[in-house]
Amino acid sequence: AQSVTQPDIHITVSEGASLELRCNYSYGATPYLFWYVQSPGQGLQLLLKYFSGDTLVQGIKGFEAEFKRSQSSFNLRKPSVHWSDAAEYFCAVGAREYGNKLVFGAGTILRVKS
Amino acid sequence: DAGVTQSPTHLIKTRGQQVTLRCSPKSGHDTVSWYQQALGQGPQFIFQYYEEEERQRGNFPDRFSGHQFPNYSSELNVNALLLGDSALYLCASSFAGGAGNEQFFGPGTRLTVL
């Protein structure tokens, strides 16, 4: 069965500090990988995506993620966090072999302290 | 481009009632997927519509049904509402011919069942 694990439910970082949010997946096909961000009461905004090619992908708002096939991971990083980054972050996996439905992790809530 | 739009924004129903939620996809998109996001959880795939047919379905009972219209807009219907159906319902649109089936999400409809 397809599954996505985000081990950290909550993370608190200081403004200006670096950030890494973890994502591990279990999938029986070549995955497409996504990171979405959700502010309270809002829908999901796509931060970045990996389909193929270069395993380090750049996204919006200064975020990047690295696909590591050997570790089944797709961790999200940002070198310097801003207070406006406080939100909930979701990792998601899809594959054409599974009809392109997205399987989401449970999310990581990011708190930024000033 | 208005992006993905959903209506209504909020809805309150009582147990046993029926509800219809609506979604208009992003311009140029032909595929609509529906997700249920319970409080504190990641979105769960309900089903996907393409060419006015249900193409794929997640692990949801038959009380959940849908429809896609010739203009690609979609409805989600839930019959015999249960308290556990209270959630944020997200619609996502995509282009079937696109790489990786990148999905764009609407703001969601918050359903409360009393």
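Lettering follows sequence order; numbering is per chain, from 1.
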> Pick one of side chain, backbone, both or neither for A:Tyr36, based on which atoms fall under 4.5 Å of a heavy atom in chain B.
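It is the side chain, since no backbone atom gets that close.
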
> Assess the pair A:Phe34 and A:Tyr32: is the distance between their ring centroids shorter than 6.0 Å?
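Between A:Tyr32 and A:Phe34, which both carry aromatic rings, the centre distance is not below 6.0 Å.
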
> Is a donor from one side chain sitting under 3.5 angstrom from an acceptor on the other, for A:Gln38 and B:Gln37?
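Distance-only check passes for A:Gln38 and B:Gln37.
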
> Measuring heavy-atom distances to chain B, does A:Lys49 have an atom under 4.5 Å in its side chain, in its backbone, in both, or in neither?
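Only the side chain of A:Lys49 comes within 4.5 Å of chain B.
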
> So, B:His29 versus B:Tyr72, ring centres under 6.0 angstrom or not?
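No - the distance between ring centres of B:His29 and B:Tyr72 does not fall below the 6.0 Å cut-off.
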
> Side chains of A:Gln58 and A:Glu64 only: does a donor on one sit below 3.5 Å from an acceptor on the other?
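Short answer, yes.
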
> Measuring heavy-atom distances to chain B, does A:Leu46 have an atom under 4.5 Å in its side chain, in its backbone, in both, or in neither?
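Only the side chain of A:Leu46 comes within 4.5 Å of chain B.
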
> Given that the side chain runs from C-beta out, which part of B:Gln48 has a heavy atom under 4.5 Å from chain A: side chain, backbone, both or neither?
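B:Gln48 touches chain A through side-chain heavy atoms alone.
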
> Using a 4.5 angstrom heavy-atom cutoff, name the option from B:Gly108, B:Gly58, B:Pro43, B:Pro107 with the most pairs to chain A.
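Option with the greatest count: B:Pro43.
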
> Are the aromatic ring centres of B:Tyr35 and A:Phe104 under 6.0 angstrom apart?
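Close enough - the centres of the two rings lie under 6.0 Å apart.
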
> Can you tell me which portion of B:Ala92 sits under 4.5 Å from chain A's heavy atoms? Options are side chain, backbone, both or neither.
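Contact with chain A: none, neither part.
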
